[in-house]
Amino acid sequence: MYVAVKGGEQAIDNAHRLLAEARRGDPAVPELTIEQIAQQLGIAVDRVMTEGSLYDRTLAALAIKQARGDITEAVFLLRAYRTTLPRLAVSEPIDTAVMTVQRRISATFKDVPGGQILGPTFDYSHRLLDFSLAAAATVDAAASPAEPASASAERTDAATATGPTPRVTDILNAEGLIEVETADDTQPVGDITRQPLTFPADRDVRLQSLTRGDEGFLLALGYSSQRGYGKSHPFAGEIRMGTVAVEIIPEELGFAIDIGDIAVTECQMINQFQGSKTQPAQFTRGYGLTFGHCERKAMAMALVDRALRAEALGEDVTAPAQDAEFVLSHCDAVEASGFVEHLKLPHYVDFQSELVTVRTLRQAFSDREIPGVPDV
Amino acid sequence: MSDGLSGYNFAYLDEQTKRMIRRALLKAVAIPGYQVPFAGREMPLPYGWGTGGIQVTAAVIAPGDVLKVIDQGADDTTNAVSIRRFFSRTAGVATTTRTADATLIQTRHRIPERPLTEAQIIVYQVPIPEPLRWMEPRESETKKMHALLEYGVMQVKLYEDIAHLGRITTSYDYPVRVNGHYIMSPSPIPRFDNPKMNQMAALQLFGAGREKRIYAVPPYTRVESLDFDDYPFEIQRWDQHCALCGASDSYLDEMVTDDHGGRLFICSDTDYCGERRAAGHRGDTDLPANPAPRTAP
């Protein structure tokens, strides 16, 4: 007797049980704590916060744990959570000029006011597997299994600078060598979490989409713009990472109050621009901003942001990275992975209709009775 | 759980979001076939798995509703089970597999065989709401084409099918014209189901979550499948009858029964098939009547 395939509630329950078991792994190995992930997988946490559009290290760490380290899945978990949260206030724009800088480099000047600060970077490390880390982990676990959270939470960066650090682009700006970018505060700022993305998309909306866009996708697009698919000629004017204060103005108070600090990475790319009949030659900008320490993402975002300004700057739009509809419609990892992976769902009704069509066509072909097509 | 999921609003979405979706729905009903952009939310199910349909359902469902969820015509496919569970968890509503008992039906890829009534709403899950997408990938262009009713490319596409292959080969997601105006994607239902949309008594709502579009067909609205005078629209037909219930008027799924080319054809609509068998109809395969469990407790 043939019984049609039953998806079955039982099968789903069993799959979830198996998933929980696989997530936990060997019970003899101690379970990861959220604190361990938040502290020791910090860059993964930063990426999940950035693409998940929610600044919460604990929840991002929880998402990574629940997702078994699958970053896209963790981003999805965080997004689905954030969408249920009420919007209590809208912050004032953060001011990265007064950032408490942990890292700050410029590739365009040997020295800049405020200095070059390498900070915690992989940049000049030799990528050799450090087997002492593997050994140390065993010793650590035996000696001090639970390090007090407060001790490790305190940052001990020797290079931490304080006080205002002028942006490199502002220095160029004084000479008029780079385009002026002043926010038009009379225009409402778009919000891609409250309004659907429509085209043509203005820069505020584009930047929001890019910030939550998939790092890998933006990296490849940024890379393509460097390789000639879209004029670019970028210089890393400045990359800075550190903490900035977030302020809100509660209606009942009427003045700004500081509600806490967040870590961000900002990248300002400086790009060539030939000038035109109406405009003198000038450098143009590309901008990238992420939560936490996501330097690769911030740089890629700045490249793509600049590429997407092609039309506004009167350049030919020829490459994928310059095509706002192409880039913005496909940069979101949650949307992309959902639609790609939905191919796992049953499609047998549609496939059956295609079978019927193909069989009909093949029958007609073998009968040589193709109506409407004359014999050749 | 009967009172919904603790910590979340009735049917998951907060009331402000529901109001936003309902406004989009009202606009969609007022302009049949027009794709209304809406601020789609991330749902706890992945994009492409019915988030548009789920948001529409969440916006219109009420505590007294009886919900039926089908995928490929069946109530027991994994994703249908998952979505039905989502609403019984978050809204605590009664669910059913019986088309006749449902007040609200969310579907992926099928319209039930049993004609729907004025008391019912059917919600379609839509992957690509734009029927012109394959001819013009740009939203900024297709918006203009709809506004100007510039639909020549669609007719040309269908004509090219005929010129090359002797017939229109679009077998699902077959484009329709709604109320004599907008061309609309019926979602990837087989074209077998297209005629059911015409003058349907039930309200038809369409949700595309990833693409953030909602559209609708009000009850008793003209829905025509595009065709030509000399190449009229036609639906799929089978030489076989359903092996279980003997139906010859339903959409059939093909089951591969062995690796020697053995095939079995059965109704894609499991409720329709089950009801026919319960009423004593039998197909060629002599199976005992084994209808799926009816109303969930």
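By convention in this document, chain letters (A, B, ...) are assigned in the order of the sequence lines, proteins followed by strands, and residues within each chain are numbered from 1. If you're wondering where the values come from, they're calculated on a predicted model, not measured in any experiment.
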Closest non-hydrogen atom pair between [X] and [Y], with its separation:
| X | Y | result |
| --- | --- | --- |
| B:Gly48 | A:His342 | O-CB, 3.1 Å |
| B:Leu252 | A:Gln352 | O-CG, 3.2 Å |
| B:Thr169 | A:Glu354 | O-OE1, 4.3 Å |

Out of [options], return the one with the most heavy atom pairs under 4.5 angstrom to chain A.
| options | value |
| --- | --- |
| B:Pro188, B:Ala80, B:Pro190, B:Pro44 | B:Pro188 |
| B:Arg191, B:Lys212, B:Met20, B:Arg41 | B:Arg41 |
| B:Leu45, B:Asp230, B:Asp173 | B:Leu45 |
| B:Leu13, B:Asp253, B:Thr17 | B:Asp253 |

So for [X], is it side chain, backbone, both, or neither that comes closer than 4.5 Å to the heavy atoms of chain A?
| X | result |
| --- | --- |
| B:Phe265 | side chain |
| B:Arg110 | side chain |
| B:Phe38 | backbone |
| B:Pro127 | both |
| B:Ile168 | neither |

Crowding at [atom1], [X] (>12 non-hydrogen neighbours, <6.0 Å):
| X | atom1 | value |
| --- | --- | --- |
| B:Gln16 | CD | no |
| B:Asp258 | CG | yes |
| A:Tyr55 | OH | yes |
| A:Tyr81 | OH | no |
| A:Gln195 | CD | yes |

Can you find a pair of side-chain heavy atoms, one from [X] and one from [Y], that are under 4.5 Å apart?
| X | Y | answer |
| --- | --- | --- |
| B:Ser171 | A:Val356 | no |
| A:Tyr348 | B:Ser268 | no |
| B:Tyr172 | A:His347 | no |
| A:Phe339 | B:Glu211 | no |
| A:Asp350 | B:His109 | yes |
| A:Glu341 | B:Trp49 | yes |

Please report the interatomic distance [atom1]([X]) to [atom2]([Y]), rounded to the nearest 0.5 Å.
| X | Y | atom1 | atom2 | value |
| --- | --- | --- | --- | --- |
| A:Ile12 | B:Asn79 | CD1 | CG | 8.0 Å |
| A:Leu197 | B:Glu139 | CG | CD | 9.5 Å |
| A:Glu335 | B:Arg210 | CD | CZ | 7.0 Å |
| B:Ile235 | A:Ser353 | CD1 | OG | 12.5 Å |
| A:Leu345 | B:Arg108 | CG | CZ | 4.5 Å |
| B:Gln236 | A:Thr357 | CD | OG1 | 6.0 Å |

Sort by residue number and list every member of residues 58-78 of chain A having a non-hydrogen atom under 4.5 Å from chain B.
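Expected list: A:Phe76.
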Under 4.5 Å to a heavy atom of chain B? For A:Arg359 that would be side chain
At a heavy-atom separation under 4.5 Å, does A:Leu343 approach chain B through its side chain, its backbone, both, or neither?
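Answer is neither: A:Leu343 stays 4.5 Å or more from chain B.
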For residues 323-334 of chain A, the side chain to side chain donor-acceptor pair (under 3.5 Å) pairs (sequence neighbours left out) are A:Arg79-A:Asp332, A:Asp323-B:Arg138, A:Glu325-B:Ser140
query = Which pairs pass side chain to side chain donor-acceptor pair (under 3.5 Å) with one or both residues in residues 204-215 of chain A, sequence neighbours excluded?
reply =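 Found A:Arg47-A:Asp214, A:Ser53-A:Arg212, A:Arg212-B:Glu42, A:Glu215-A:Arg296.
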Which one wins on heavy-atom pair count under 4.5 Å against chain B: A:Leu361, A:Val358, A:Thr198?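 Most pairs with chain B among the choices: A:Leu361.
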inquiry  = I'd like to verify something: which residue of A:Ala336, A:Ala80, A:Pro196 has the highest number of heavy-atom pairs under 4.5 Å with chain B?
reply    =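 The answer is A:Pro196.
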Check whether B:Gln72 reaches the backbone of A:Val349 with its side chain - one donor and one acceptor, N or O, closer than 3.5 Å.
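Yes, B:Gln72 side chain to A:Val349 backbone: donor-acceptor pair under 3.5 Å.
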So, B:Asp14 and A:Arg87, do they make that salt bridge, N to O below 4.0 Å? no
Sorted by chain and residue number, the ring-ring contact (aromatic ring centres under 6.0 Å, His included) partners of B:Phe86 (sequence neighbours excluded) come out as B:Tyr12
